Amino acid sequence: MTGQLIDFRSDTVTRPDAIMRAAMAEAEVDDNVIGTDPTIAELERRAAQTLGMPAALWTPSGTMANLIALSVHLQRGDRFLATRGAHVLTNELGSAAWLAGGMPDILEHDAGPGRCLPETLEAAIGNPGPYFTLRTTLLCLENTHNAAGGAVTPPDEHAQLLSVAKQSGLTVHLDGARIWHAAVALQVPPAALTVGVDTVSACFSKGLGAPVGSVVAGSVEFVERARRMRQMLGGGVRQGGVLAAACLVALDRVDELAETHEFAKRLADGLSEHGWDVRTPDTNIVLAGVPDVPTALNWLGSLGIQALPMAGKVRFVTHRDLSSADIAEALRRIKTGV
(Lines give C-alpha, C1' and ligand atoms only; values in the text may rest on other atoms or scores of the structure.)
Protein backbone atom coordinates (compact mmCIF):
# COMPACT_ATOMS: atom_id res chain seq x y z
CA MET A 1 0.00 0.00 0.00
CA THR A 2 1.17 3.50 -0.81
CA GLY A 3 -0.35 6.86 0.00
CA GLN A 4 -2.67 8.06 2.70
CA LEU A 5 -5.54 5.95 4.01
CA ILE A 6 -8.93 6.95 2.60
CA ASP A 7 -11.56 6.23 5.21
CA PHE A 8 -15.05 5.33 3.97
CA ARG A 9 -15.94 3.17 6.99
CA SER A 10 -18.62 5.53 8.32
CA ASP A 11 -19.55 9.16 8.73
CA THR A 12 -19.00 8.58 12.45
CA VAL A 13 -15.22 8.69 11.93
CA THR A 14 -15.24 12.49 11.55
CA ARG A 15 -13.26 14.42 14.12
CA PRO A 16 -14.17 17.75 15.70
CA ASP A 17 -12.28 20.58 14.03
CA ALA A 18 -10.67 23.59 15.70
CA ILE A 19 -13.93 25.59 15.74
CA MET A 20 -15.82 22.76 17.40
CA ARG A 21 -13.04 22.05 19.88
CA ALA A 22 -12.97 25.73 20.84
CA ALA A 23 -16.72 25.69 21.45
CA MET A 24 -16.30 22.63 23.65
CA ALA A 25 -13.47 24.21 25.62
CA GLU A 26 -15.44 27.41 26.21
CA ALA A 27 -18.81 25.79 26.96
CA GLU A 28 -20.71 27.02 29.99
CA VAL A 29 -21.50 23.96 32.09
CA ASP A 30 -23.23 22.79 35.25
CA ASP A 31 -24.64 19.50 36.54
CA ASN A 32 -26.99 18.03 33.94
CA VAL A 33 -28.24 15.21 36.19
CA ILE A 34 -29.53 17.88 38.53
CA GLY A 35 -30.82 19.63 35.41
CA THR A 36 -28.82 22.84 35.46
CA ASP A 37 -26.36 22.54 32.57
CA PRO A 38 -27.19 25.55 30.37
CA THR A 39 -25.49 24.30 27.21
CA ILE A 40 -27.37 21.00 27.20
CA ALA A 41 -30.58 22.94 27.86
CA GLU A 42 -29.89 25.16 24.84
CA LEU A 43 -29.13 22.17 22.63
CA GLU A 44 -32.35 20.44 23.70
CA ARG A 45 -34.35 23.59 22.99
CA ARG A 46 -32.83 24.07 19.54
CA ALA A 47 -33.07 20.41 18.64
CA ALA A 48 -36.74 20.23 19.60
CA GLN A 49 -37.50 23.31 17.53
CA THR A 50 -35.55 22.00 14.53
CA LEU A 51 -37.29 18.61 14.70
CA GLY A 52 -40.74 20.15 15.16
CA MET A 53 -41.29 18.56 18.56
CA PRO A 54 -42.34 20.11 21.90
CA ALA A 55 -39.27 18.90 23.84
CA ALA A 56 -36.02 16.96 23.47
CA LEU A 57 -33.55 15.10 25.65
CA TRP A 58 -29.79 14.80 25.04
CA THR A 59 -28.40 11.25 25.14
CA PRO A 60 -24.84 9.93 24.76
CA SER A 61 -25.76 7.79 21.74
CA GLY A 62 -28.41 7.10 19.14
CA THR A 63 -28.77 3.54 20.38
CA MET A 64 -29.68 4.85 23.84
CA ALA A 65 -32.08 7.39 22.31
CA ASN A 66 -33.92 4.63 20.45
CA LEU A 67 -33.91 2.31 23.46
CA ILE A 68 -35.36 5.04 25.66
CA ALA A 69 -38.18 5.63 23.18
CA LEU A 70 -38.98 1.93 22.84
CA SER A 71 -38.81 1.41 26.60
CA VAL A 72 -41.33 4.19 27.17
CA HIS A 73 -43.64 3.10 24.34
CA LEU A 74 -43.68 -0.68 24.81
CA GLN A 75 -45.08 -2.93 27.47
CA ARG A 76 -43.47 -6.35 27.86
CA GLY A 77 -44.59 -8.66 25.08
CA ASP A 78 -45.88 -5.90 22.79
CA ARG A 79 -45.16 -6.48 19.11
CA PHE A 80 -43.52 -3.69 17.14
CA LEU A 81 -42.88 -3.35 13.42
CA ALA A 82 -39.79 -2.11 11.59
CA THR A 83 -38.45 -2.45 8.07
CA ARG A 84 -35.94 -5.18 7.27
CA GLY A 85 -32.42 -4.18 8.29
CA ALA A 86 -33.61 -1.33 10.51
CA HIS A 87 -31.04 -0.19 13.05
CA VAL A 88 -33.36 -1.06 15.96
CA LEU A 89 -33.50 -4.64 14.65
CA THR A 90 -29.95 -5.38 13.55
CA ASN A 91 -27.52 -2.93 15.15
CA GLU A 92 -28.69 -2.47 18.73
CA LEU A 93 -27.83 -5.94 20.04
CA GLY A 94 -31.37 -7.03 20.78
CA SER A 95 -31.95 -4.28 23.32
CA ALA A 96 -35.45 -3.65 21.93
CA ALA A 97 -36.41 -7.16 23.06
CA TRP A 98 -34.06 -7.69 26.00
CA LEU A 99 -34.43 -4.32 27.74
CA ALA A 100 -37.53 -2.69 26.23
CA GLY A 101 -39.44 -5.98 26.22
CA GLY A 102 -40.74 -5.69 22.65
CA MET A 103 -41.45 -8.45 20.14
CA PRO A 104 -39.95 -7.32 16.79
CA ASP A 105 -41.44 -8.13 13.42
CA ILE A 106 -40.18 -7.24 9.94
CA LEU A 107 -41.69 -5.18 7.12
CA GLU A 108 -40.23 -5.84 3.67
CA HIS A 109 -38.89 -3.12 1.36
CA ASP A 110 -41.65 -3.40 -1.25
CA ALA A 111 -42.05 0.35 -1.86
CA GLY A 112 -38.36 0.95 -2.56
CA PRO A 113 -35.14 0.78 -0.53
CA GLY A 114 -35.90 1.10 3.17
CA ARG A 115 -39.65 1.57 2.64
CA CYS A 116 -42.77 -0.58 2.77
CA LEU A 117 -46.12 -0.07 1.07
CA PRO A 118 -49.02 1.22 3.20
CA GLU A 119 -51.01 -1.92 2.42
CA THR A 120 -48.07 -4.05 3.60
CA LEU A 121 -48.08 -2.19 6.88
CA GLU A 122 -51.85 -2.52 7.17
CA ALA A 123 -51.68 -6.27 6.59
CA ALA A 124 -48.84 -6.64 9.10
CA ILE A 125 -50.77 -4.79 11.80
CA GLY A 126 -53.83 -6.99 11.25
CA ASN A 127 -56.94 -6.78 13.39
CA PRO A 128 -57.15 -6.98 17.17
CA GLY A 129 -57.56 -10.57 18.26
CA PRO A 130 -58.48 -12.29 21.53
CA TYR A 131 -56.45 -11.60 24.63
CA PHE A 132 -54.04 -14.49 23.95
CA THR A 133 -52.78 -13.06 20.63
CA LEU A 134 -49.86 -10.69 20.13
CA ARG A 135 -50.68 -7.01 20.57
CA THR A 136 -49.10 -4.68 17.97
CA THR A 137 -48.58 -1.23 19.47
CA LEU A 138 -45.61 0.45 17.81
CA LEU A 139 -44.21 1.25 14.36
CA CYS A 140 -40.52 2.14 14.05
CA LEU A 141 -39.52 4.05 10.92
CA GLU A 142 -35.97 4.97 9.86
CA ASN A 143 -35.03 7.97 7.72
CA THR A 144 -32.50 7.73 6.22
CA HIS A 145 -32.38 3.94 6.21
CA ASN A 146 -28.78 2.93 6.87
CA ALA A 147 -28.83 -0.69 5.66
CA ALA A 148 -30.75 0.33 2.54
CA GLY A 149 -27.87 2.60 1.53
CA GLY A 150 -28.92 5.86 3.16
CA ALA A 151 -32.28 5.73 1.40
CA VAL A 152 -34.76 8.51 2.12
CA THR A 153 -38.50 8.35 2.72
CA PRO A 154 -40.22 11.41 1.19
CA PRO A 155 -42.91 13.27 3.15
CA ASP A 156 -45.83 11.92 1.08
CA GLU A 157 -44.88 8.28 1.68
CA HIS A 158 -44.18 9.07 5.34
CA ALA A 159 -47.69 10.54 5.65
CA GLN A 160 -49.30 7.43 4.14
CA LEU A 161 -47.54 5.13 6.60
CA LEU A 162 -48.43 7.42 9.49
CA SER A 163 -52.07 7.40 8.45
CA VAL A 164 -52.22 3.60 8.46
CA ALA A 165 -50.43 3.36 11.81
CA LYS A 166 -52.60 5.95 13.51
CA GLN A 167 -55.84 4.46 12.18
CA SER A 168 -54.80 1.25 13.94
CA GLY A 169 -53.89 3.06 17.14
CA LEU A 170 -50.13 2.51 16.87
CA THR A 171 -47.52 4.78 18.41
CA VAL A 172 -44.82 5.80 15.91
CA HIS A 173 -41.12 6.28 16.64
CA LEU A 174 -38.80 7.62 13.95
CA ASP A 175 -35.13 6.64 14.07
CA GLY A 176 -33.77 9.81 12.52
CA ALA A 177 -30.09 9.22 13.21
CA ARG A 178 -29.44 10.64 9.73
CA ILE A 179 -32.58 12.76 9.41
CA TRP A 180 -30.30 15.69 8.61
CA HIS A 181 -29.14 13.86 5.49
CA ALA A 182 -32.72 13.10 4.48
CA ALA A 183 -33.74 16.73 4.91
CA VAL A 184 -30.83 17.98 2.82
CA ALA A 185 -31.44 15.42 0.07
CA LEU A 186 -35.15 16.27 -0.11
CA GLN A 187 -34.54 20.01 0.36
CA VAL A 188 -37.06 20.24 3.19
CA PRO A 189 -36.71 21.22 6.87
CA PRO A 190 -36.13 18.28 9.25
CA ALA A 191 -39.49 19.03 10.87
CA ALA A 192 -41.20 18.17 7.56
CA LEU A 193 -40.01 14.58 8.05
CA THR A 194 -41.34 14.17 11.61
CA VAL A 195 -44.96 15.16 11.01
CA GLY A 196 -47.29 12.90 12.98
CA VAL A 197 -44.67 10.84 14.81
CA ASP A 198 -44.81 10.52 18.56
CA THR A 199 -41.06 10.50 19.04
CA VAL A 200 -37.91 10.93 16.98
CA SER A 201 -34.21 10.35 17.61
CA ALA A 202 -31.46 12.26 15.83
CA CYS A 203 -27.67 11.98 15.95
CA PHE A 204 -25.00 14.69 15.78
CA SER A 205 -22.05 12.39 15.05
CA LYS A 206 -23.27 11.17 11.64
CA GLY A 207 -21.15 13.35 9.38
CA LEU A 208 -21.58 16.61 11.29
CA GLY A 209 -18.29 16.34 13.16
CA ALA A 210 -19.55 16.04 16.73
CA PRO A 211 -17.70 13.35 18.71
CA VAL A 212 -20.67 12.27 20.85
CA GLY A 213 -24.35 12.93 21.18
CA SER A 214 -27.92 12.39 20.07
CA VAL A 215 -31.36 13.56 21.13
CA VAL A 216 -34.72 11.88 21.52
CA ALA A 217 -37.67 14.23 21.13
CA GLY A 218 -41.40 14.12 21.73
CA SER A 219 -44.00 15.57 24.03
CA VAL A 220 -43.09 17.24 27.32
CA GLU A 221 -44.61 14.29 29.17
CA PHE A 222 -42.57 11.83 27.08
CA VAL A 223 -39.32 13.68 27.80
CA GLU A 224 -40.06 13.65 31.54
CA ARG A 225 -40.40 9.86 31.40
CA ALA A 226 -37.44 9.58 29.04
CA ARG A 227 -35.21 11.48 31.48
CA ARG A 228 -35.88 8.86 34.16
CA MET A 229 -35.21 6.05 31.68
CA ARG A 230 -31.94 7.67 30.60
CA GLN A 231 -30.82 7.75 34.22
CA MET A 232 -31.74 4.06 34.63
CA LEU A 233 -29.62 3.20 31.60
CA GLY A 234 -26.60 5.11 32.94
CA GLY A 235 -26.95 8.00 30.52
CA GLY A 236 -27.01 10.75 33.11
CA VAL A 237 -23.91 12.90 32.61
CA ARG A 238 -22.74 15.76 34.77
CA GLN A 239 -20.99 18.58 32.89
CA GLY A 240 -22.36 17.36 29.58
CA GLY A 241 -22.38 20.84 28.13
CA VAL A 242 -18.84 20.19 26.92
CA LEU A 243 -20.32 17.61 24.56
CA ALA A 244 -23.52 19.52 23.82
CA ALA A 245 -21.45 22.47 22.63
CA ALA A 246 -20.11 20.30 19.81
CA CYS A 247 -23.66 19.27 18.92
CA LEU A 248 -24.72 22.92 18.71
CA VAL A 249 -21.92 23.59 16.23
CA ALA A 250 -23.01 20.48 14.32
CA LEU A 251 -26.56 21.82 14.03
CA ASP A 252 -25.19 24.86 12.22
CA ARG A 253 -23.50 22.60 9.64
CA VAL A 254 -26.44 20.56 8.37
CA ASP A 255 -26.51 22.33 5.00
CA GLU A 256 -22.88 21.29 4.40
CA LEU A 257 -24.01 17.67 4.08
CA ALA A 258 -25.00 18.38 0.48
CA GLU A 259 -21.33 18.23 -0.49
CA THR A 260 -20.95 14.75 0.98
CA HIS A 261 -23.99 13.63 -1.01
CA GLU A 262 -22.34 14.90 -4.17
CA PHE A 263 -19.16 13.02 -3.26
CA ALA A 264 -21.21 9.83 -2.83
CA LYS A 265 -22.81 10.22 -6.25
CA ARG A 266 -19.39 10.82 -7.80
CA LEU A 267 -18.01 7.73 -6.08
CA ALA A 268 -20.99 5.60 -7.17
CA ASP A 269 -20.67 6.77 -10.77
CA GLY A 270 -16.98 5.95 -10.78
CA LEU A 271 -17.48 2.51 -9.24
CA SER A 272 -20.18 1.77 -11.80
CA GLU A 273 -17.83 2.75 -14.64
CA HIS A 274 -15.31 0.26 -13.24
CA GLY A 275 -17.89 -2.54 -13.25
CA TRP A 276 -19.09 -2.44 -9.65
CA ASP A 277 -22.78 -3.15 -8.95
CA VAL A 278 -24.06 0.07 -7.38
CA ARG A 279 -27.14 2.25 -7.55
CA THR A 280 -27.13 6.04 -7.38
CA PRO A 281 -27.30 6.91 -3.67
CA ASP A 282 -29.92 9.19 -2.16
CA THR A 283 -27.47 10.59 0.38
CA ASN A 284 -23.94 9.76 1.53
CA ILE A 285 -23.96 5.94 1.63
CA VAL A 286 -22.90 3.82 -1.34
CA LEU A 287 -23.63 0.08 -1.26
CA ALA A 288 -21.68 -2.03 -3.76
CA GLY A 289 -22.61 -5.59 -4.58
CA VAL A 290 -19.58 -7.87 -5.01
CA PRO A 291 -19.15 -11.65 -5.39
CA ASP A 292 -17.33 -11.97 -2.07
CA VAL A 293 -17.47 -9.17 0.51
CA PRO A 294 -14.47 -10.20 2.70
CA THR A 295 -12.24 -10.58 -0.35
CA ALA A 296 -13.31 -7.20 -1.69
CA LEU A 297 -12.68 -5.52 1.67
CA ASN A 298 -9.22 -7.09 1.93
CA TRP A 299 -8.38 -5.94 -1.59
CA LEU A 300 -9.56 -2.41 -0.85
CA GLY A 301 -7.52 -2.46 2.34
CA SER A 302 -4.42 -3.35 0.36
CA LEU A 303 -5.04 -0.17 -1.65
CA GLY A 304 -5.36 1.95 1.48
CA ILE A 305 -9.13 2.24 1.16
CA GLN A 306 -11.15 1.49 4.29
CA ALA A 307 -14.77 0.34 4.02
CA LEU A 308 -17.15 -1.93 5.95
CA PRO A 309 -19.72 -4.64 5.14
CA MET A 310 -23.41 -3.79 5.23
CA ALA A 311 -26.45 -5.83 4.16
CA GLY A 312 -24.26 -8.31 2.26
CA LYS A 313 -22.49 -5.57 0.33
CA VAL A 314 -19.49 -3.27 0.65
CA ARG A 315 -20.49 0.04 2.22
CA PHE A 316 -18.70 3.29 1.41
CA VAL A 317 -19.74 6.37 3.42
CA THR A 318 -18.67 9.87 2.44
CA HIS A 319 -18.29 12.57 5.10
CA ARG A 320 -16.89 15.99 5.92
CA ASP A 321 -13.35 14.72 6.56
CA LEU A 322 -13.03 13.57 2.93
CA SER A 323 -12.26 15.86 0.01
CA SER A 324 -13.02 15.82 -3.69
CA ALA A 325 -9.40 14.80 -4.21
CA ASP A 326 -9.92 11.79 -1.90
CA ILE A 327 -12.81 10.57 -4.04
CA ALA A 328 -10.76 10.90 -7.21
CA GLU A 329 -7.78 9.15 -5.63
CA ALA A 330 -9.91 6.26 -4.36
CA LEU A 331 -11.34 5.71 -7.83
CA ARG A 332 -7.84 5.88 -9.34
CA ARG A 333 -6.59 3.19 -6.96
CA ILE A 334 -9.60 0.98 -7.66
CA LYS A 335 -9.15 1.39 -11.41
CA THR A 336 -5.41 0.73 -11.44
CA GLY A 337 -5.17 -1.64 -8.49
CA VAL A 338 -2.29 0.34 -6.97
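Please read these numbers as outputs of a predicted model, since none were measured by experiment.
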I'd like to know whether Arg333 forms a salt bridge (charged side-chain N to carboxylate O under 4.0 Å, His left out) with Glu329, so could you lay out the CA-CA distance, the side-chain angles of the two residues, the decisive distance to 0.1 Å, and finally the verdict.
CA-CA 6 Å; Arg333 295 181 192 179; Glu329 173 61 13; 2.8 Å; yes
Could you walk me through whether Asp198 and Lys166 pass salt bridge (charged side-chain N to carboxylate O under 4.0 Å, His left out), step by step?
CA-CA 10 Å; Asp198 296 280; Lys166 292 302 180 179; 2.5 Å; yes
Would you check, one step at a time, whether the test side chain to side chain contact (heavy atoms under 4.5 Å, CB included) holds for Leu297 with Val314?
CA-CA 7 Å; Leu297 290 172; Val314 174; 3.9 Å; yes
One pair to check against side chain to side chain contact (heavy atoms under 4.5 Å, CB included): Leu267 and Phe8. What are the steps and the verdict?
CA-CA 11 Å; Leu267 178 64; Phe8 292 108; 3.9 Å; yes
Determine, stepwise, if the pair Val237 / Leu243 fulfils side chain to side chain contact (heavy atoms under 4.5 Å, CB included).
CA-CA 10 Å; Val237 296; Leu243 300 172; 5.6 Å; no
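A donor-acceptor distance shorter than 3.5 angstrom exists from the side chain of Ser61 to the backbone of Met64, with no hydrogens or angles considered. The backbone N or O of His319 sits nowhere less than 3.5 Å from a side-chain atom of Thr260 that would complete a donor-acceptor pair. Although no hydrogens or angles enter the test, the distance criterion places no donor-acceptor pair under 3.5 Å between the side chain of Trp180 and the main chain of Asp255. With hydrogens and angles disregarded, no donor-acceptor distance shorter than 3.5 Å links the side chain of Thr144 to the backbone of Ala182. Between the side chain of Ser272 and the backbone N or O of Ala268, no donor-acceptor pair lies under 3.5 Å. With hydrogens and angles disregarded, no donor-acceptor distance shorter than 3.5 Å links the side chain of Asn32 to the backbone of Gly35. Distance alone, capped at 3.5 Å, is enough to place a donor-acceptor pair between the Asp175 side chain and the Ala177 backbone.
A distance of 8.5 Å separates CG of Leu81 from SG of Cys116, quoted to the nearest 0.5 Å. The distance from atom CG of Leu257 to atom CD of Glu262, rounded to the nearest 0.5 Å, is 13.5 Å. Here the CG-CZ distance, from Leu134 to Arg79, works out to 6.5 Å after rounding to the nearest 0.5 Å. One finds the NE2 atom of His261 at 5.0 Å from the CG atom of Asn284 (value rounded to the nearest 0.5 Å). Atom-to-atom distance recorded for Asp269:CG and Leu331:CG is 9.5 Å, nearest 0.5 angstrom. Remark: Thr336 OG1 to His274 NE2 distance equals 8.5 Å, nearest 0.5 Å.
Residue Leu43 comes nearest to Cys247 through the heavy atom pair CD2-CB, 3.5 Å, listed as atom of the first residue, atom of the second, then distance.
A side-chain donor from one of Ser323 and Asp326 sits under 3.5 Å from a side-chain acceptor of the other. A donor-acceptor contact under 3.5 angstrom links the side chains of Ser324 and Arg266, judged on distance only. Residues Ser201 and Asn66 bring a donor and an acceptor atom of their side chains to less than 3.5 Å of each other. Side-chain contact check for Thr153 and His145: no donor-acceptor pair (N or O, by modelled atom type) lies under 3.5 Å. Under the 3.5 Å distance criterion, with hydrogens and angles disregarded, a donor-acceptor pair is assigned to the side chains of Asp110 and Thr120. Checking Asp78 against Thr137 by side-chain atom types alone, a donor-acceptor pair falls below 3.5 Å. In the model, His87 has no side-chain atom that pairs as donor or acceptor with a side-chain atom of Glu142 under 3.5 Å.
Transitive grouping of hydrophobic side chains (ILVMFWY, heavy atoms separated by less than 4.5 Å) brings Ile179 and Val212 into a common cluster. Taking hydrophobic clusters as Ile, Leu, Val, Met, Phe, Trp and Tyr residues chained together by side-chain heavy-atom distances below 4.5 Å, Leu322 shares a cluster with Phe316. Grouping the Ile, Leu, Val, Met, Phe, Trp and Tyr side chains by contacts below 4.5 angstrom, directly or via other members, places Leu107 apart from Val88. Linking ILVMFWY residues whenever their side-chain heavy atoms come closer than 4.5 Å, directly or via other members, places Val172 and Leu193 in the same cluster. Residues Leu70 and Leu89 share a single hydrophobic cluster, defined by chaining ILVMFWY side chains whose heavy atoms lie under 4.5 Å apart.
Residues Gln306 and Leu300 have side chains not in contact (no heavy-atom distance under 4.5 Å, counting atoms from C-beta outward). Counting heavy atoms from C-beta on, the side chains of Glu28 and Gln239 never come closer than 4.5 Å. Under the 4.5 Å side-chain criterion, counting only non-hydrogen atoms from C-beta, Met53 is in contact with Val200. Residues Val286 and Leu271 meet the side-chain proximity criterion, which asks for heavy atoms closer than 4.5 Å. No side-chain heavy atom of Phe222 sits less than 4.5 Å from a side-chain heavy atom of Leu57. For the pair Leu170/Ile125, a side-chain contact is recorded, criterion being any heavy-atom separation below 4.5 Å from C-beta on. Side-chain contact check for Leu186 versus Pro155: some heavy-atom pair is nearer than 4.5 Å. Side chains of Asp31 and Asp37 form no contact here, defined as non-hydrogen atoms less than 4.5 Å apart.
The ring of His173 has its center no closer than 6.0 angstrom to the ring center of Phe80.
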Tabulate below the donor-acceptor pairs under 3.5 Å that side-chain atoms of residues 156-165 make, not counting sequence neighbours, or state none.
unit_1, atom_1, unit_2, atom_2, d
Glu157, OE1, Arg115, NE, 2.7
His158, NE2, Val195, O, 2.8
Ser163, OG, Gln167, NE2, 3.1

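Salt-bridge formation is not detected for the pair Glu42/Arg46: no Lys NZ or Arg NE/NH1/NH2 atom is positioned less than 4.0 Å from an Asp or Glu carboxylate oxygen. The existence of a salt bridge linking Asp282 and Lys265 is excluded, since no basic side-chain nitrogen approaches an acidic carboxylate oxygen closer than 4.0 Å.
Other residues, nucleotides and ligands contribute only 12 or fewer heavy atoms inside 6.0 Å of the CD1 atom of Ile19. Counting heavy-atom neighbours within 6.0 Å of Arg253 CZ, excluding the residue itself, gives a total above 12. Residue Glu108 qualifies as enclosed at atom CD: its count of foreign heavy atoms under 6.0 Å is above 12. Residue-environment remark: CZ (Arg228) stays at or below the threshold of 12 foreign heavy atoms within 6.0 Å. Within a 6.0 Å sphere centred on CG of Leu308, other residues, nucleotides and ligands contribute more than 12 heavy atoms.
With Trp299 as the partner, the side chain to side chain contact (heavy atoms under 4.5 Å, CB included) test is satisfied by one option alone out of Ile334, Val290, Ile305: Ile334. In summary, of the residues considered (Lys206, Arg320, Arg178, Arg315), a salt bridge (charged side-chain N to carboxylate O under 4.0 Å, His left out) with Asp11 occurs for Arg178 alone.
Taking Ile, Leu, Val, Met, Phe, Trp and Tyr as members and joining any whose side-chain heavy atoms lie under 4.5 Å apart, directly or through other members, the hydrophobic cluster of Tyr131 also contains Phe132.
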